[in-house]
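Both backbone and side-chain heavy atoms feed into the values below; hydrogens, waters and symmetry mates do not. Just so we're clear, the structure is a prediction, and the values are computed from it rather than from any experiment.
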Amino acid sequence: MARKPMPWFRVYVETMHDRKIRRLKPEHRWLWIVVLAMTRQSPVEGALMISETEPARAFDLADMAGLTERQTTVGLEHMEQVGLIETDPDTGTWTVPAWNSRQFASDNRAGT
C-alpha cells in the first residue's frame with residue numbers, strides 16, 4: 001500500500017541562529033512553528049486562514065500551540081514587530097512575508 005503524502009514545510013538550520021527567533025520567548029518559538037504549520041495547511045498560500053474566507057484568530061493558534069490566548073497574542077505581536085508575520089490592514093489576516101521565497105510546492109531532492 002502506498003504511503004499517503006503528508007503536508008510539510010521547510011525549517012532551515014539558520015533558524016537557531018536567527019536573532020528574530022532567538023529574541024522570542026521559548027513558548028513563542030513553538031508558536032512560530034505552529035504559525036508555519038498552519039500557514040502550510042492554509043487554503044490561501046502564505047496566509048493564516050482556516051478556510052478560503054476565514055482568517056485564523058489568536059484563539060485558533062492558541063489551541064494548536066497549547067498556549068493561552070494571552071500568551072499567543074503577545075507572541076504574535078512580537079512576531080509582527082520583528083517582521084516574522086504581517087497583518088493585512090483590510091482583513092486582519094496574518095501572513096508570513098517570506099513564505100513564497102522559502103517554501104516550495106515540492107521538495108525533489110534527488111541526487112543530494
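- For His78 against Arg23, the heavy-atom pair with the smallest separation is CE1-O, 3.4 Å.
- Of the N and O atoms on the side chains of Thr68 and Gln71, at least one donor lies less than 3.5 Å from an acceptor on the other residue.
- Criterion: ILVMFWY side-chain heavy atoms under 4.5 Å apart, direct or through other members. Under it, Leu76 and Leu36 are part of a common hydrophobic cluster.
- Cluster membership for Ile33 and Val96, using ILVMFWY side-chain heavy atoms within less than 4.5 angstrom, is shared.
- In terms of hydrophobic clustering, with Ile, Leu, Val, Met, Phe, Trp and Tyr side chains grouped at heavy-atom distances under 4.5 Å, Leu24 and Trp94 are assigned to a common cluster.
- Taking CZ of Arg40 as the reference point, atom CD of Glu45 lies at 9.0 Å (rounded to 0.5 Å).
- Taking every heavy atom of both residues into account, Glu52 and Pro43 meet most closely at N-CG, 3.5 Å.
- Taking CG of Leu31 as the reference point, atom CE of Met38 lies at 10.0 Å (rounded to 0.5 Å).
- Between Val44 and Thr93 there is no side-chain heavy-atom pair separated by less than 4.5 Å.
- Put simply, the side chain of Arg29 gets close to the backbone of Arg22: a donor and an acceptor are under 3.5 Å apart.
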Verdict with reasoning, Leu84 to Val35, per side-chain contact (heavy atoms from CB on, under 4.5 Å): CA-CA 10 Å; Leu84 291 171; Val35 165; over 6 Å; no

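- The same ILVMFWY cluster, assembled from side-chain heavy atoms under 4.5 Å apart, contains both Trp32 and Met64.
- Following chains of ILVMFWY side-chain contacts shorter than 4.5 Å, one can reach Ile85 starting from Leu67, so the two form part of one hydrophobic cluster.
- The shortest non-hydrogen separation linking Lys20 to Val82 is CD-O, 3.0 Å.
- In plain terms, the two heavy atoms of Asp88 and Asp90 that are nearest each other are OD1-N, 2.7 Å.
- By the side-chain hydrogen bond (donor to acceptor under 3.5 Å, both in side chains) test, Glu86 is found to be paired with no residue, residues two or more places apart in sequence or in another chain being considered.
- Thr87 OG1 to Glu77 CD: the interatomic distance, rounded to the nearest 0.5 Å, is 9.5 Å.
- For Gln41, there are no side chain to side chain contact (heavy atoms under 4.5 Å, CB included) partners two or more places apart in sequence or in a different chain.
- Summarising the geometry of Thr73 relative to Ala58, their closest heavy-atom pair is OG1-CB, 3.8 Å, with the distance given to 0.1 Å.
- Scanning both residues, Asp60 and Pro55, for their nearest heavy atoms gives OD2-O, 4.4 Å.
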Audit row: His28, Thr72, side-chain contact (heavy atoms from CB on, under 4.5 Å) steps and yes/no: CA-CA 7 Å; His28 296 153; Thr72 301; over 6 Å; no

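- Not one N or O on the side chain of Thr95 forms a donor-acceptor pair closer than 3.5 Å with the backbone of Pro97.
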